[in-house]
Amino acid sequence: MDWCHYRFHSRWDLDAPPAAVFEALADGDGYPRWWPQVREVRRIDDRTGTARFRSLVPYDLRLTVTEAHRDAARGTLRVTFSGDLEGWARWTVTARGAGTRALFEQDVVARKPLLRRFAVLGRPLFRANHALMMRAGCRGLRARMLDRRPGRNPV
């Protein structure tokens with residue numbers, strides 16, 4: 001087993017139309033406005049940017065993120081990572097009743113020396129840290145979708 005290899009899956013059920021959820025997830029520049037652990041995003045070109053993440057565990061992850069695939073009709077987004085993590089992440093957005101289900105899948109290898117050094121002992125903590133980050137992201141996107149509903153008067 002490669003202790004530095006991680007596969008993550010999350011499911012977000014949202015009370016918003018699939019097109020609105022897809023638009024928010026496709027707007028990587030906007031993530032810091034609604035996802036607390038996405039601390040910074042800087043665009044390099046039309047498909048690439050850098051991002052800094054920090055969750056409960058006190059370290060930053062710095063990544064170069066490149067859009068690999070975007071298909072609004074099918075509701076799929078895929079990015080590749082390099083830097084402190086190397087691999088990919090994918091969103092699949094589908095209708096679910098009157099709302100949307102956003103499925104997140106990620107397959108990465110930790111490259112940051114600290115993560116590699118503590119791979120065996122820290123693995124449960126790193127996985128819990130990721131789960132907390134995903135929960136916060138879901139809450140943030142839910143709040144963003146509520147604020148964007150027609151007739152809503154955001155403060």
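What's counted below: heavy atoms across the whole structure, side chains too, no hydrogens, waters or symmetry copies. We're numbering straight along the sequence, starting at 1. A quick note: this is a predicted structure, and the numbers were derived from the prediction, not measured.
Shown here are the side chain to side chain donor-acceptor pair (under 3.5 Å) partners of Ser10, two or more places apart in sequence or in another chain: there are none. For the side chain to side chain donor-acceptor pair (under 3.5 Å) test, residues two or more places apart in sequence or in another chain that qualify with Asp45 are Thr48. With sequence neighbours left out, Ala95 forms a side chain to side chain contact (heavy atoms under 4.5 Å, CB included) with Pro18. Residues that satisfy the ring pair (Phe, Tyr, Trp, His ring centres under 6.0 Å) test with Tyr31, not counting sequence neighbours, are Trp34, Trp35. The salt bridge (Lys or Arg N to Asp or Glu O under 4.0 Å) test applied to Arg116 returns no partner, not counting sequence neighbours. Here Arg139 pairs with nothing under the salt bridge (Lys or Arg N to Asp or Glu O under 4.0 Å) rule; sequence neighbours left out. Not counting sequence neighbours, the partners of Arg52 by the salt bridge (Lys or Arg N to Asp or Glu O under 4.0 Å) test are Glu40, Asp60. Arg127 meets the salt bridge (Lys or Arg N to Asp or Glu O under 4.0 Å) test with no other residue; sequence neighbours excluded. In terms of the side chain to side chain contact (heavy atoms under 4.5 Å, CB included) criterion, residue partners of Leu125 (sequence neighbours excluded) are, by chain and number, Val57.
Arg43 and Asp29 are joined by a salt bridge, as a carboxylate oxygen and a charged side-chain nitrogen come within less than 4.0 angstrom of each other.
For the pair Ala51 and Val65, the tightest heavy-atom approach, listed with the atom from each and the gap, is CB-CG2, 4.3 Å. Across all their heavy atoms, Gln37 and Gly137 have their closest contact at OE1-N, 4.5 Å. Looking at every heavy atom in both residues, Leu25 comes nearest to Ala102 through CD1-CB, 4.1 Å. Taking every heavy atom of both residues into account, Phe104 and Ala89 meet most closely at CE1-CB, 3.8 Å. Heavy atoms only, all atoms of each residue included: Cys4 and Arg123 are closest at N-NH1, 4.4 Å.
A side-chain N or O of Gln106 and one of His130 form a donor-acceptor pair less than 3.5 Å apart.
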Evaluate the side chain to side chain contact (heavy atoms under 4.5 Å, CB included) criterion for residues Trp91 and Leu103: first the C-alpha distance (whole Å), next the side-chain angles of each, then the deciding distance (0.1 Å), finally the verdict.
CA-CA 6 Å; Trp91 286 105; Leu103 176 64; over 6 Å; no
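Its side chain within the 4.5 Å cluster rule, Leu56 clusters with Leu132 among the Ile, Leu, Val, Met, Phe, Trp and Tyr residues.
Arg39 contributes a side-chain N or O that, together with a main-chain N or O of Pro36, makes up a donor-acceptor pair within less than 3.5 Å.
Residue pairs satisfying the salt bridge (Lys or Arg N to Asp or Glu O under 4.0 Å) criterion with at least one member in residues 87-98, sequence neighbours excluded, are listed as follows: Asp13-Arg96, Arg90-Glu105.
At least one side-chain heavy atom of Phe126 sits under 4.5 Å from a side-chain heavy atom of Leu115. Within the 4.5 Å cutoff, side-chain heavy atoms of Arg101 are placed close to those of Arg11. In this structure the side chain of Thr100 reaches within 4.5 angstrom of the side chain of Val93, judged on heavy atoms. The shortest side-chain heavy-atom distance between Thr50 and Ile44 falls under the 4.5 Å cut-off.
Within the model, atoms CH2 of Trp3 and CG of Leu121 stand 9.5 Å from one another, a figure rounded to the nearest 0.5 Å. Atoms CE and CZ, from Met133 and Phe8 in turn, are 10.0 Å apart once rounded to the nearest 0.5 Å.
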Side-chain donor/acceptor pairs under 3.5 Å, residues 73-87, sequence neighbours excluded:
unit_1 : atom_1 : unit_2 : atom_2 : d
Thr76  : OG1    : His69  : NE2    : 2.9
Asp84  : OD2    : Arg62  : N      : 2.8

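Under the 4.5 Å side-chain heavy-atom criterion for Ile, Leu, Val, Met, Phe, Trp and Tyr, Phe118 and Tyr59 are members of the same hydrophobic cluster.
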